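Have a look at the structure below before the remarks.
None of these values were measured; they are calculated from a predicted model.
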Amino acid sequence: MSDYRLTTVETVRGAGSWAFTAREGDADREVFLVPCADEPDGEGENSDQPVRAWINRCTHEDQRLHREGVGAVTRGGSVVCPKHGSAFDACEGACDNGEAAGTTLRSIDVEVRGGAVFLTDDDLTYLYEGLPDDDGDDEGPGSSSHLTF
Ligand code: FES
């Protein structure tokens, strides 16, 4: 069973989100952690599972939700896609609005013990902190993929 210490709950809360790359079969997977709050306004904390882990891809198009240097955009207990603005519940992964309505992010198993977050998903093997160094298909302020020189 996979059981790798990723980071601390405090780090995730402080940064707003925290990403790592893992191996699944022959593929690399980007995963990000976000705090899960009890209140829809993002306040409070969920004592059972204060952090959730999601695959770092919007369900609508191939778009990162957590971006290097930016993190994940969160608002009112949701993670907001930077491309078209669909909001995913940070605790449940579900989306009921915009282009991604009716879909749910793929969850990754993590456990919190003693303030630390552990990867416990049997399908994934931890590779490294952060995301692969590529420009991907990201849209948004940090992207320059549409520019030609
Ligand atoms: S790519 Fe995320 S809502 Fe369209």
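- To the nearest 0.5 Å, the span separating NE2 on His60 from OG on Ser86 amounts to 7.5 Å.
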Atom pairs and distances, donor-acceptor, side-chain atoms in residues 93-101, under 3.5 Å, two or more places apart:
unit_1: Asn97; atom_1: OD1; unit_2: Ala87; atom_2: N; d: 2.8
unit_1: Asn97; atom_1: ND2; unit_2: Ala87; atom_2: O; d: 3.1

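- If you chain together ILVMFWY residues whose side-chain heavy atoms come under 4.5 Å of each other, Trp54 ends up grouped with Phe32, Val34, Leu65, Val79, Phe88, Leu105.
- In the hydrophobic clustering, where aliphatic and aromatic side chains (Ile, Leu, Val, Met, Phe, Trp, Tyr) are joined below 4.5 Å either directly or transitively, Phe118 stands alone.
- Residues passing the side-chain contact (heavy atoms from CB on, under 4.5 Å) test with Arg23 are Asp28, Thr125, Leu127, sequence neighbours excluded.
- In this structure, Tyr126 has its ring center closer than 6.0 angstrom to the ring center of Phe20.
- Taking each heavy atom of Ser17 and Ala72 in turn, the nearest pair found is OG-N, 2.8 Å.
- Applying the side chain to side chain donor-acceptor pair (under 3.5 Å) rule to Thr59 yields the partners Thr103; only residues at least two apart in sequence or on another chain are considered.
- In this structure Thr8 satisfies the side-chain contact (heavy atoms from CB on, under 4.5 Å) test together with Arg5, Glu10, Thr11, sequence neighbours excluded.
- Taken to the nearest 0.5 Å, the CG atom of Leu6 stands 11.0 Å off from the CD1 atom of Ile108.
- The line from CD of Glu68 to CG of Leu131 is 4.0 Å long, rounded to the nearest 0.5 Å.
- A 4.5 Å side-chain heavy-atom check between Pro35 and Arg52 finds every atom pair outside the cut-off.
- Between Thr7 and Val12 the shortest side-chain heavy-atom distance falls below 4.5 Å.
- Rounding to the nearest 0.5 Å places CD of Glu111 at 4.5 Å from OG1 of Thr120.
- Note that the OG1 atom of Thr74 and the NE2 atom of His66 stand 11.5 Å from one another [nearest 0.5 Å].
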request  = Please assess Val117 against Val9 for the test side chain to side chain contact (heavy atoms under 4.5 Å, CB included), listing each intermediate value before the final yes or no.
outcome  = CA-CA 6 Å; Val117 186; Val9 173; 4.0 Å; yes
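- Remark: Cys91 SG to Cys36 SG, distance under 2.5 Å.
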query = Are Arg29 and Ile55 close enough, and set up right, to give a side chain to side chain contact (heavy atoms under 4.5 Å, CB included), and what steps lead you there?
reply = CA-CA 7 Å; Arg29 301 279 184 232; Ile55 288 288; 4.1 Å; yes
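- Trp18 is linked by a side chain to side chain donor-acceptor pair (under 3.5 Å) to Glu129, counting only residues two or more places apart in sequence or in another chain.
- By the side-chain contact (heavy atoms from CB on, under 4.5 Å) test, Glu61 pairs with Lys83, His84, sequence neighbours left out.
- Grouping the Ile, Leu, Val, Met, Phe, Trp and Tyr side chains by contacts below 4.5 angstrom, directly or via other members, places Tyr4 with Val51.
- Taking CD from Glu30 and CZ from Arg64, the interatomic distance works out to 4.0 Å, rounded to the nearest 0.5 Å.
- The minimum heavy-atom distance between Asp109 and Asp121, with the atom names listed, is N-OD2, 3.0 Å.
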